Structure formats: C-alpha cells, structure tokens
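Beneath this line is the structure, given in structure tokens, with notes to follow.
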Amino acid sequence: QVQLVESGGGLVQTGGSLTLSCAASGSIVSINRLAWYRQAPGNGRELVASIATGGSTNYADSVKGRFTISRDNTKNTVYLQMNSLKPEDTAVYYCNAFSIIFARGFWGQGTQVTVSS
C-alpha cells in the first residue's frame, strides 16, 4: 500500500502563490506516476498535473505556465508550485500516486486552496 499526506494549502489573494507538498510512504518503489488533482464545489475531480518516474510532466491547459509539478525522490515528496493564482483555482487539491504493482491509484486526504478576489 501507499500512504500520501498533503500539506501547504491555505488562503491567498488573486495573483499570489502557494506550494503544495505531498509526502509518500509505504510501497514507494511501486509508484510510477504522481499527480495532483483538484475538486471544486459542485464539480468532478480533475487532473491538474502529473509527473512520471522518468520526469516527464503533463499539465491541464488551465494551469499551463502558472503551475509547476516536481518531485524529490530523496524525500519521496511531490510538489505543486502554484503562481498567479486565480479565484477559479479554488478547490480541494488531492495528491495521487499510481502503483503499477497494485494496479490502482492511492489518494491523499486533500488540502484546501482558496483564492480570494
């Protein structure tokens, strides 16, 4: 199994920045992709950004150029640097780890990001 703990959410004004962190533990070696998703009230959960074991990244069009996903394998942690935040970025942000061994994704508990206008 894989356990994920997110941190770094909070309240920020439009145009501000936040960095989210997600620390992974458990069967780390089985993870081949880490990602951040978000869910706003009344909406489904959407992919924000992902990073594969080899380092390739993928971003939702709505965050390209503003958000950066990165990982520190020595700390088993994935980060989401969010700049130029907009009110529409307000959501609960979830960390996800996909394990090729367990053939499933694991989720963190989520962290709230609120961007005030």
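Since this is a predicted model, take the numbers as computed values, not measurements.
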Item to complete: Please answer whether the main-chain N or O of Ser30 pairs with a side-chain N or O of Ser27 as donor and acceptor at a distance below 3.5 Å.
Response: no
Item to complete: Determine yes or no for a side-chain-to-main-chain donor-acceptor pair under 3.5 angstrom, with Glu6 supplying the side chain and Cys95 the backbone.
Response: yes
Item to complete: Considering non-hydrogen atoms only, spot the tightest contact between Asn83 and Ser17 and give its length.
Response: OD1-OG, 2.9 Å
Discussion item. Using only atom types and a distance under 3.5 Å, with no angle test, would you say the side chain of Arg66 pairs donor to acceptor with the backbone of Ser84?
Written reply: yes
Worksheet item: Are Val12 and Trp36 linked, directly or through other ILVMFWY residues, by side chains that come within less than 4.5 angstrom of each other?
Response: yes
Worksheet entry | Which atom of Asn43 lies closest to which atom of Gln39, heavy atoms considered | O-NE2, 3.0 Å
Worksheet item: Would you find more than 12 non-hydrogen atoms of other residues, nucleotides or ligands less than 6.0 Å from Gln109 atom CD?
Response: yes
Discussion item. Show the nearest heavy-atom pair for residues Phe67 and Val48, with the distance to one decimal.
Written reply: CD2-CG1, 3.7 Å
Practice prompt. Please test Val115 against Val113 for side-chain contact (heavy atoms from CB on, under 4.5 Å), starting from the C-alpha separation and ending with a verdict.
Written response: CA-CA 7 Å; Val115 184; Val113 172; 4.3 Å; yes
Item to complete: Dump the intermediate steps for side-chain contact (heavy atoms from CB on, under 4.5 Å) on Ser21 and Lys75, then the final yes or no.
Response: CA-CA 11 Å; Ser21 301; Lys75 297 180 179 179; over 6 Å; no
Response to the item:
So CZ of Arg33 and CD1 of Ile51: to nearest 0.5 Å the spacing works out to 11.5 Å
Worksheet item: Any idea how Tyr94 and Trp107 line up, ring-wise: parallel (<30°), tilted (30 to 60°), or perpendicular (>60°)?
Response: perpendicular
Item to complete: I would like to know whether Gln13 and Ser116 meet side-chain hydrogen bond (donor to acceptor under 3.5 Å, both in side chains); could you show each step before the answer?
Response: CA-CA 5 Å; Gln13 291 185 333; Ser116 64; 5.0 Å; no
Practice prompt. Verify the cluster assignment for Leu18 and Val92: are they in a single hydrophobic cluster under the rule of side-chain heavy atoms below 4.5 Å apart?
Written response: no
Worksheet item: Under the 3.5 angstrom rule, does the side chain of Ser50 hit a backbone N or O of Ala35 as a donor-acceptor pair?
Response: no
Worksheet item: Is a side-chain donor or acceptor of Arg38 paired with a backbone partner of Thr90 at a separation under 3.5 angstrom?
Response: no
Discussion item. Is there a path of hydrophobic side-chain contacts, each under 4.5 Å between heavy atoms of I/L/V/M/F/W/Y residues, joining Leu34 to Tyr37?
Written reply: no
Fill in: For the student: nearest non-hydrogen atoms of Leu20 and Tyr93, plus distance
CD1-CB, 3.6 Å
Fill in: Presence of salt bridge, Lys86 and Asp89, under 4.0 angstrom
no
Discussion item. If I compare all heavy atoms of Thr111 with all of Ser7, which pair ends up nearest, and what's the gap?
Written reply: OG1-C, 4.5 Å
